[in-house]
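Structure first, then comments.
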2 protein chains.
Amino acid sequence: MTLMTKPIDFTDDYLAYLLARSSHLVSEQFHRQIQAQGWSTNYWRILASLSDVGALTLTQLNQRVLFKQPTLSKLVVKMEAEQLLVRHKHDADKRSVKISISAMGRTLVADLLAQAKAHEAKVLEDYSEEQQQLLKSMLRGLVVHLQE
Amino acid sequence: MTLMTKPIDFTDDYLAYLLARSSHLVSEQFHRQIQAQGWSTNYWRILASLSDVGALTLTQLNQRVLFKQPTLSKLVVKMEAEQLLVRHKHDADKRSVKISISAMGRTLVADLLAQAKAHEAKVLEDYSEEQQQLLKSMLRGLVVHLQE
DNA sequence: AGTAGTTGTATTCGTTTTCATATAAAAAAG
DNA sequence: CTTTTTTATATGAAAACGAATACAACTACT
């Protein structure tokens, strides 16, 4: 199992495409797995993002889930009705809405997180621990770099 | 400029998220740039994919652009009407449609390709040549690995 | 304070996307 | 050869999306 390969044509040497393609390939199977259980991938992204933290404003959450603002705005209202999360007024700024995961949401996401980890382990099973860490580390570096 | 970073929470150590996030960040500016010129990112992806090769069937093209089949099917009809590409019957298999870029499409994509390269250079300007190659090489390896 | 500009979220409405399915052709099975 | 199954693309109805905008609250000036 080698990490090294050579480019062939434009797309093979174009970072944006390599990222889009690998992202797509990594996520696609897992998304099908989630959908087979009746959950949308948007729900998964939102809940996973909320599971890490206390409470986020809509804008903050949106920076994590990478949707368009109107999309998230609607989803979050829907998910509150389904008791997967809670929307509360932000005391300091009356415009903004703070969002936090609910108990029910936490139960669901715990299950999905376990599945996600299992899926990732399978995806990376042929990579050594060092290779896995190098890959992830480089991507984290890229993200940090691009956010300034 | 270092490539190495440490994970903090789940998403920071989850490959699918790191890929989605970095992909999003890398593409977002460039997509805005394209849209400012009146072109959709879908057109860009399709034309860039076709520019590399002679002719592809719809299915083959779809594997590159990562859309859903009905989406590409409709886009391609529209783009043929706009003379950006040509759809021809595949002789060997009468079900399939071969798609190739037109002269007008080639003119447009040449311009966009140049912009894409310039944008990528800017994104990676703080990385050494070795780091750039390592990053791309690892992503190519991942893509190959995931496609079996 | 009063005004102008900015920011955070919601909503509307036209467009795009997609699920499900249809159709037609090729391949496999019988 | 039929018949069945699989594969390639198209299409239509329904859902999702997103650009533009509205609105309300905050910030910065004067």
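Below, all heavy atoms of this structure are taken into account, side chains as well, without hydrogens, waters or symmetry copies. To find a chain, count down the sequence lines: A is the first, B the second, and so on, and within it residues start at 1. Just so you know, these numbers come straight off a predicted model, no measurement behind them.
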Here the distance between atom C1' of dT17(C) and atom CD of Gln35(A), to the nearest Å, is 14 Å
Worksheet entry | Within-4.5 Å side-chain heavy-atom neighbours: Lys78(B) and Leu84(B) | no
Dump every N/O contact between nucleotides 20-25 of chain D and the protein below 3.5 Å, one line per pair.
from	atom 1	to	atom 2	distance (Å)
dA25(D)	N3	Arg95(A)	NH1	3.4

Whether the side chain of Ser137(B) engages the backbone of Leu134(B) through a donor-acceptor N/O pair (distance < 3.5 Å, no angle test) should be reported.
no
Checklist entry - Is a side-chain donor-acceptor pair under 3.5 Å present for Gln29(A) with Gln33(A)? => result no
Practice prompt. Examine Val86(A) and Leu56(A) and state if one hydrophobic cluster contains both, with Ile, Leu, Val, Met, Phe, Trp and Tyr joined whenever side-chain heavy atoms are less than 4.5 Å apart.
Written response: no
When rounded to whole Å, the CD1 to P distance for the pair Ile99(B) and dA10(D) reads 8 Å
Residues Leu142(A) and Tyr127(B): closest non-hydrogen pair is CA-OH, 3.4 Å
Val97(A) has its side chain closest, among dT17(C), dG18(D), dA10(C), to dA10(C)
Tyr43(B) atom OH is separated from dT17(C) atom P, nearest whole Å, by 10 Å
Review point. Is there side-chain contact between Asp12(B) and Asp9(B), with at least one heavy-atom pair below 4.5 Å?
Key: yes
Ile46(A), Val77(A): one ILVMFWY side-chain cluster at the under-4.5 Å cut-off? no
Separation of dG14(C) atom C1' from Lys68(A) atom NZ, nearest Å, is 17 Å
From CG of Leu58(A) across to P of dG8(C) the rounded distance in Å is 10 Å
Contact class for Asn42(A) (heavy atom, under 4.0 Å): base, sugar-phosphate, or nothing?
sugar-phosphate
When rounded to whole Å, the NZ to P distance for the pair Lys89(B) and dA8(D) reads 16 Å
Rounded to whole Å, NZ of Lys78(A) lies from C1' of dC17(D) at a distance of 13 Å
- Does Ser73(B) place a side-chain N or O at less than 4.0 Å from the phosphate oxygens OP1/OP2 of dA10(D)? yes
Taking dG8(C), dC17(D), dT9(D) as options, the one with an atom nearest any side-chain atom of Thr71(A) is dC17(D)
With the side chain defined as heavy atoms from C-beta on, Thr59(A) is closest, among dT9(C), dA10(D), dT11(D), to dT9(C)
Taken to the nearest whole Å, NZ/Lys98(A) to P/dT9(C) is 10 Å
